[in-house]
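Comments concern the structure below.
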Amino acid sequence: MPVMRDDVVAWLERCAAVLEENRDYLTQLDAAIGDADHGANMDRGFKAFMAKLPSVADKDIGTILKTLGMTLVATVGGAGGPLYGTFFLQMGVKTANKLMLTPEDWAEALEAGINGVIARGQARPGDKTMVDALLPALEAFKEAIRNSDSFGKALQRMAEAAEQGMKATIPMVARKGRASYLGERSAGHQDPGATSSYLILKAAADTWGHVT
Amino acid sequence: MPVMRDDVVAWLERCAAVLEENRDYLTQLDAAIGDADHGANMDRGFKAFMAKLPSVADKDIGTILKTLGMTLVATVGGAGGPLYGTFFLQMGVKTANKLMLTPEDWAEALEAGINGVIARGQARPGDKTMVDALLPALEAFKEAIRNSDSFGKALQRMAEAAEQGMKATIPMVARKGRASYLGERSAGHQDPGATSSYLILKAAADTWGHVT
Amino acid sequence: MKKLINDPMNVVPEALEGMAKAHPDLIKVHFNPNYVYRADAPRPGKVAVISGGGSGHEPMHVGFVGYGMLDAACPGAVFTSPTPDQMYEAAKTVHGGAGILMIVKNYAGDVMNFDMAADLLRGEGYQVESVLIADDVAVESSLYSQGRRGTGTTVLAEKILGAAAERGYDLQRLAALGRRVAENGRSMGMALTSCTVPHVGKPTFELGEDEMEIGIGIHGEPGRYREPLKKADEIVERLMEPILNDLPFKAGDRVICMVNSMGGTPLSELYIVYRKVAEICEKSGIQIVRNLVGAYITSLEMAGTSITLLRADDEMLELWDHPVKTPALRWGM
Amino acid sequence: MKKLINDPMNVVPEALEGMAKAHPDLIKVHFNPNYVYRADAPRPGKVAVISGGGSGHEPMHVGFVGYGMLDAACPGAVFTSPTPDQMYEAAKTVHGGAGILMIVKNYAGDVMNFDMAADLLRGEGYQVESVLIADDVAVESSLYSQGRRGTGTTVLAEKILGAAAERGYDLQRLAALGRRVAENGRSMGMALTSCTVPHVGKPTFELGEDEMEIGIGIHGEPGRYREPLKKADEIVERLMEPILNDLPFKAGDRVICMVNSMGGTPLSELYIVYRKVAEICEKSGIQIVRNLVGAYITSLEMAGTSITLLRADDEMLELWDHPVKTPALRWGM
Ligand SMILES: Nc1ncnc2c1ncn2[C@@H]1O[C@H](COP(=O)(O)OP(=O)(O)O)[C@@H](O)[C@H]1O
Ligand SMILES: Nc1ncnc2c1ncn2[C@@H]1O[C@H](COP(=O)(O)OP(=O)(O)O)[C@@H](O)[C@H]1O
Ligand SMILES: [Mg+2]
Ligand SMILES: [Mg+2]
Ligand SMILES: [Mg+2]
Ligand SMILES: [Mg+2]
């Protein structure tokens, strides 16, 4: 069963709720190794999108994701705005005109989004950024599909890998982003961007859990 | 027995020591109802005088007290500088050329000093200032002498009255000085200037205790 | 105590040394006794305008020395009035043959020390006039009390009188103008935190997380009232009401408005305060024609603000606009 | 959290409203998207110089809008880079037909958001150049890292480039000058306290009574090192050493020196810092020819200081001296 356009809408609604719930948590993570604004930034961006969603909820998936991307660019600010903006924009480009997503569609979209993040932010694995949650999640999804896992199961693998990747940032010394200014002191703290990435991908896995 | 010039020098040396010992205490009193500088101001002034004392210690009492007065004016600052400066200056004028003080000499000098404080500061009894320790002390000394008490006993009465006067400032609402800006909130706190006045007069009573 | 200082006992001379190094084109610093004076002093034929007070209020007064403002400023120990010898020697250094105008804030210590200096100067034949600033509405004015504190209007008076002196006002005319400025200014302040005097090492008073101090002075002393912390707009209303009612300011009045940081309050908060001050003035028909928003008369690192309104006439405004070139205030040159 | 604010979520727009009310002669404020621009914009024939960054650093950048400095400044949320639409619309508003120079501080967010704005503008035919400021020596410069933070030199660059634009420098010449300024500036900062972001409600980090943070940025983040608190002179030595060694500054160099308050440090302490900076420069044969001592690039109410040295040539000095008229910097007019 594919993921339908309305499932995508449900996912993004869940993202907004999850990012609001985790606003203080993300703030706290970004206080330890940053400037304490990541929680507010993500919450603001997704709330702004929620206000726009009614006007695009009946469009194709690409339009919805592009709208999300542009909204995030215009409202999130900081490092997260351009990066998540590009992430969803590129996903939107890849899913233009689609009203449903097969596993392959999702893998391609996710890859396009992550490539956009990497192109814009120039982060590499191990730099202690959102890429450290996103890339393993993509790889795990693609491998699960290669292994003929169902869509739902592959999404679970994706979420698990995102969680592992997020946790793996804890001992890393940051080489990109604000945390990199702390040098060695950034080690021992989980990266906020990797955490919000995990939350977003987990929200997809949870929302689309009924998909087999 | 009169108070000799060297006894006056000993008194002022004791004042410097006592004001240094009580610096933090006076600071604390002036923090509660002022700007926390009275302790430092008095300590600074008397230390400056101690540096000058060797050059006048062999002069007449008037010269010594005038030097003290002028030194305090030049170093204490705040309200205390002009007031204590005038206090000792006027005492010095009254004791010009003297090498010893009879009880009457002391009473006249003290009265001249207090009148100087009142003329300059315009404080009245009950305004919660140094005058509330100084005036009762003067009255008690004069009464003791009228009652034919010895010099030493009269000095004790003076110190006791100064102490009572100092404590009597506690419930007063200040009408002069910085404490007056606090209005009712100044009540319940002992006035710093009354406290330093008490310490100065007590130092006289203690130093001259051997005088009968 | 966390401060960027060395020995707490040397804070004042070291800060003065730093000022001297930073602004040799504008000022010179004399030590023992301490005073800061214009690098181009004396200015022959001009009334010498001098002021002073405890240190800890920077930039007032030492930061206001230069063309168009103070000829000299005498800094005492922290929060301690300077001593007469400071004003005496400063006045003699900057005297230009046209007399001396002293701007004195109404505190027992400031008044007495400046009076004694004036006596010394007059005794030597100098013409001296004093202008007394007593603008703080937190305290009632009363014949038998110390009277009101001199606060924010001092800064405005120093600017206006400094310009008037540059314009050649004689001593009497300056003094009259000064009294008019003093009569038309009103201020009130509040604190979110206390401050720590260096040689004391701990805050002068303690405020809880939910408390604020209303009706503060500038020497770190406790204020008139301790109240629960409110939002900025309510605090501004709380301060503006007695300011407006006391003069009283009326519809049609033109004012110079100063929204001042007590030292630790950042600029964004001052603009939030100014926003409400402007709204209240607008509603009352009062026209803010000039303003200052920043740290001008502080209490070390105290967080808080004070508001000053000066009802200004054309003469005051023209003098306000006159060029000024000091470390802390500069326009027109 | 003790601040003079109303709803923490409205801090930025309310402060901007206050600024608009206070300085209508100098600036205008546009909301949604938010930017501050010169009241007399656009200036035909002049390169438009724009900058921006998170709020919370006031007066930088919004306080530097006006003649001789920025044509426009784009304020993001507190400590959050502004979004591309802000720079895009601001640039179009102040464009004078001679191109746009963006002054960008080197942070991942600032760089990406300004780049996206530049792309949008170029896509519509505007000429855009960027100058990147990465002057903080607390962080090693490295190919594979984020690179150095953009800090104090930003203020000096805005002044120099703003003057050059007034003088008619074209876009290429301005960009080249900007890069020369960026290459020759070095900064380092330290904190005695953290700061509290309004929507967070508590300090970003906690420092003990005996601790200081060395090598801080301007967004309230923890620094490179946490060390026992020292006296001011030792702290200055600690900051100056990497600054001097990095360029390196040499005997005979002329510098513009900024001793900056992080927001909560009073002026007297800044002058104590300046005193030691001047002494160290003197000993090293470095001549401080111009300086700024005050709060220019802050982190809300953080107590601390940053030092910036810019090796300056005749051209930079002439541009430094050029008149400027903004809310926070003014001379020569
Ligand atoms: N160059 C980069 N590439 C990828 N991710 C990055 C990069 N820079 C920062 N990030 C991510 O952004 C997160 C911080 O976002 P946020 O706090 O919103 O922005 P800022 O650092 O500007 O305050 C980091 O935790 C990190 O995951
Ligand atoms: N007008 C006055 N007459 C008499 N004593 C006064 C007067 N004003 C203040 N004082 C005394 O001065 C004391 C405060 O001295 P100090 O703290 O050194 O000066 P300041 O108040 O200027 O900081 C008060 O406790 C009070 O006793
Ligand atoms: Mg952040
Ligand atoms: Mg006192
Ligand atoms: Mg005092
Ligand atoms: Mg940020």
Side-chain angles (χ1 to χ4, degrees), chain B residues 23-24 26-28 30-45 47-48 70-86 89 116-117 119-124 126-130 173-186 189 193, chain C residues 8-9 32-33 53-54 56 74-86 88 107-117 120 136 138-140 142 144-149 194-206 215-226 299:
Chain B
R23 180 191 166 115
D24 287 351
L26 292 171
T27 293
Q28 197 183 310
D30 195 32
I33 55 173
D35 54 3
D37 64 352
H38 191 58
N41 295 347
M42 298 304 288
D43 186 29
R44 174 173 59 251
K47 281 189 159 75
M70 293 190 297
T71 305
L72 294 182
V73 167
T75 59
V76 170
L83 292 169
Y84 277 118
T86 300
L89 257 160
V117 169
R120 194 165 280 294
Q122 293 292 303
R124 302 185 302 178
D127 281 352
K128 195 185 182 96
T129 71
M130 58 177 67
V173 171
R175 279 194 296 267
K176 277 282 188 271
R178 193 175 301 291
S180 69
Y181 310 131
L182 274 62
E184 297 283 334
R185 290 177 88 188
S186 59
H189 302 276
Chain C
M9 304 311 294
N32 301 315
C74 305
V78 173
F79 293 167
T80 304
S81 317
T83 53
D85 54 324
Q86 291 176 261
Y88 170 76
Y107 300 98
D110 288 29
V111 168
M112 289 188 284
N113 282 289
F114 273 81
D115 274 357
M116 291 176 82
L120 286 167
D136 169 39
V139 180
E140 268 319 302
S142 162
Y144 298 115
S145 75
Q146 198 61 59
R148 290 177 154 166
R149 289 174 286 211
S194 179
C195 59
T196 295
V197 176
H199 60 71
V200 176
K202 55 187 171 113
T204 303
F205 59 87
E206 295 280 359
I216 52 153
I218 61 171
H219 296 85
E221 71 266 35
R224 296 288 298 182
Y225 312 102
R226 182 161 297 182
S299 282

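Naming: A, B, ... by sequence-line order, numbering from 1 per chain. Everything numeric here is computed off the predicted structure, so don't read it as measured data.
- No side-chain N or O of N113(C) forms a donor-acceptor pair with one of T83(C) less than 3.5 Å apart.
- With values rounded to the nearest 0.5 angstrom, K202(C) atom NZ is found 5.5 Å from Q28(B) atom CD.
- At a threshold of 4.0 Å, the pair D43(B)-R23(B) counts as salt-bridged, since one of the basic side-chain nitrogens sits closer than that to a carboxylate oxygen.
- Contacts of V111(C) with chain B are absent, with no heavy-atom separation under 4.5 Å from either backbone or side chain.
- The contact between D85(C) and chain B is made entirely by side chain atoms (from C-beta outward), counting heavy-atom distances below 4.5 Å.
- Qualifying ring-ring contact (aromatic ring centres under 6.0 Å, His included) partners for H219(C), counting only residues two or more places apart in sequence or in other chains: H57(C), F79(C), Y107(C).
- The choice from M116(C), Q146(C), Q86(C), E140(C) that makes the most heavy-atom pairs within less than 4.5 Å of chain B is Q146(C).
- Put simply, of I33(B), D35(B), L83(B), D37(B), the one with the most heavy-atom pairs under 4.5 Å next to chain C is D35(B).
- R120(B) meets the salt bridge (charged side-chain N to carboxylate O under 4.0 Å, His left out) test with no other residue; sequence neighbours excluded.
- Chain C forms more heavy-atom pairs under 4.5 Å with one residue of P82(B), A31(B), G77(B), G80(B) than with any other, namely P82(B).
- Your options are A138(C), A108(C), S145(C), and the one with the most heavy-atom pairs under 4.5 Å with chain B is S145(C).
- Using a 4.5 Å cut-off between heavy atoms, A32(B) touches chain C through its backbone atoms (N, CA, C, O) alone.
- Interface summary for chain B: among G56(C), G76(C), G54(C), P84(C), the most heavy-atom pairs under 4.5 angstrom belong to P84(C).
- The two residues G220(C) and C195(C) make their nearest non-hydrogen contact at CA-SG, 3.7 Å.
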